[in-house]
Undergrad: 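One structure is given below, represented as structure tokens, and several questions about it will come after.
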Amino acid sequence: METRVLPFTDDSIAEAARLILAGEPVAVPTETVYGLAADATNAEAVARIYEAKGRPGFNPLIVHVPDLAAALQIGDFSEEALRLAGSHWPGPLTLVVPLRKEARIASIVTAGLPSVGLRVPDHPAMRALLRATGRPLAAPSANASGSISPTKAAHVLRSLGGRIPLIVDGGSTTQGIESTIVAATGGPLRLLRRGPIEVDAAPASRSKIESPGQLASHYAPSKPLRIGVTAADADEYLIGFGDADGDANLSHDGDLVEAAARLFDLLHEADQSPKPRIAVAPVPGEGLGAAINDRLRRAAADRQ
Ligand code: TXA
Ligand code: MG
């Protein structure tokens with residue numbers, strides 16, 4: 001794939017919006033670092049972020065919205081969360097809040113969690129892209145897995161050139177480090193990541209006051225799970241892949257983007273089924289398969 005680098009103008013934002021609405025990820029500057037943005041309501045588009053980054057695992061992604069009103073449609077805000085949003089948005093603060101049931105955020109964005117990280121960015125390019133798409137945009141830093149966060153279009157090109165269709169060049173970012181992340185999911189505020197904004201919240205620790213499940217940064221099913229299963233037992237809900245069909249199938253075509261996009265939905269479905277155990281058919285390890293297998297191995301190990 002050829003990666004175009006276009007200066008930030010009305011035309012490049014229109015082209016970026018067209019690509020995003022077609023399900024492609026696009027690199028765009030925010031005030032912190034360049035983000036690799038995709039439509040947060042389109043699971044396959046978000047899976048393509050992981051494919052481009054070559055990240056060998058899933059973690060919850062930050063959802064960017066144009067204003068507080070848009071954030072309130074997606075998350076439940078406590079008084080403290082509202083106060084922080086009121087003083088720091090738009091700006092480099094991400095608030096992790098309970099995900100509203102009505103929100104149409106794809107489960108791959110939150111890695112299956114019942115909470116969501118939200119931020120109103122303060123950069124004209126990202127703000128223009130939010131307006132032009134009319135969608136909430138999931139965006140991790142626009143770098144390949146294992147390399148440092150990009151603060152210039154040239155950094156993005158070096159890291160992701162050939163893997164994404166477009167980089168909107170808005171010059172150097174002003175903050176240069178990723179947003180401060182604060183969780184407001186009940187109980188005291190918790191600082192999940194230090195960043196440009198100082199917030200009066202205790203760093204998150206593995207303390208006992210947390211209710212189980214709140215702290216776990218990854219969704220794991222509550223039932224025992226076996227992986228690489230070719231013949232499931234009668235009491236197992238089988239999640240198939242390709243020709244290895246089951247009670248559900250990650251992708252009948254064996255398409256890893258589709259499989260990644262459906263992974264967390266199917267884990268939730270399996271967890272809610274009457275069968276007491278879960279089995280998953282073999283998924284190849286290349287490309288996005290590495291991230292899928294990482295998530296499945298953790299889910300299997302958690303319950304042993
Ligand atoms: O400055 C930034 O925040 C940049 C720009 C592009 O906006 N974005 C960024 O995204 O740093 P990312 O994907 O690298 O950061 C995601 C982190 C996760 O690793 C996790 O620590 C936290 O945000 N996070 C997001 N949603 C969460 C959730 N539901 N629960 C707990 N942590 C969450
Ligand atoms: Mg990052």
Side-chain angles (χ1 to χ4, degrees), residues 25-38 40 46 49-50 52-53 55 57-66 71 74-77 81 88-100 103 105-123 125-127 129-130 136-153 155-156 159-160 167-168 170 173-186 189-197 199 201 203-204 206 210-211 213-220 264 291:
V26 168
V28 59
T30 79
E31 75 277 35
T32 58
V33 300
Y34 276 70
L36 185 58
V46 176
I49 291 178
Y50 282 95
K53 282 178 67 94
R55 200 169 189 289
F58 296 104
N59 70 341
L61 302 179
I62 295 169
V63 175
H64 300 71
V65 289
I74 298 172
D76 279 325
F77 282 65
H88 299 292
W89 281 358
L93 175 71
T94 296
L95 291 168
V96 173
V97 298
L99 177 66
R100 290 188 59 191
I105 300 298
S107 63
I108 187 175
V109 172
T110 63
L113 292 173
S115 57
V116 61
L118 287 163
R119 158 164 132 76
V120 176
D122 187 17
H123 189 289
M126 183 55 136
R127 298 186 63 77
L129 190 57
L130 286 164
L137 298 176
S141 53
N143 54 278
S145 175
S147 55
I148 54 168
S149 291
T151 57
K152 291 178 165 130
H155 297 161
V156 182
S159 192
L160 294 178
I167 301 169
V168 175
T173 63
T174 51
Q175 300 285 351
I177 56 169
E178 280 112 330
S179 61
T180 303
I181 305 181
V182 174
T185 49
L189 295 176
R190 286 168 299 128
L191 183 63
L192 299 185
R193 182 169 78 188
R194 289 181 191 284
I197 287 181
V199 172
R206 279 163 226 343
E210 299 290 342
S211 62
Q214 281 287 324
L215 242 197
S217 62
H218 292 288
Y219 169 76
F264 294 99

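Numbering of ligands and ligand atoms starts at 1, following listing order. One is the number of the first residue; the rest follow in order along the sequence.
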Undergrad: Do Arg127 and Val120 touch side chain to side chain, with heavy atoms closer than 4.5 Å?
TA: yes
Undergrad: Do the side chains of Arg119 and Glu178 get close enough for a salt bridge, i.e. N-O under 4.0 angstrom?
TA: no
Undergrad: Under 4.0 Å from any heavy atom of Ser115, which atoms of ligand 1 are there?
TA: 28 (C), 29 (N), 30 (N)
Undergrad: Can you confirm whether Leu137 sits close enough to Leu130 that some side-chain heavy atom of one is under 4.5 Å from a side-chain heavy atom of the other?
TA: yes
Undergrad: Who's closest to atom 12 (P) of ligand 1 heavy-atom-wise, of Pro150, Gly112, Ser149, Pro140?
TA: Pro140
Undergrad: Compare Pro121, Ala139, Gly195, Gly176 and give the one whose heavy atom is closest to atom 8 (N) of ligand 1.
TA: Ala139
Undergrad: Give the single entry among Asn59, Thr180, Val96 that approaches atom 28 (C) of ligand 1 most closely by any heavy atom.
TA: Val96
Undergrad: Looking at Val96, Thr185, Ile181, which one forms a side chain to side chain contact (heavy atoms under 4.5 Å, CB included) with Arg190?
TA: Thr185
Undergrad: Going by the order shown, which atoms of ligand 1 are within less than 4.0 Å of some heavy atom of Gly35?
TA: 6 (C)
Undergrad: What atoms of ligand 1 come within less than 4.0 Å of a heavy atom belonging to Gly117?
TA: 26 (N)
Undergrad: For ligand 1, which atoms, with element, lie under 4.0 Å from some heavy atom of Ser179?
TA: 1 (O), 2 (C), 3 (O)
Undergrad: Closer than 4.0 Å to some heavy atom of Val116 - which atoms of ligand 1 meet that?
TA: 29 (N)
Undergrad: Given Thr185, Ile181, Leu192, which has its nearest heavy atom closest to atom 21 (O) of ligand 1?
TA: Ile181
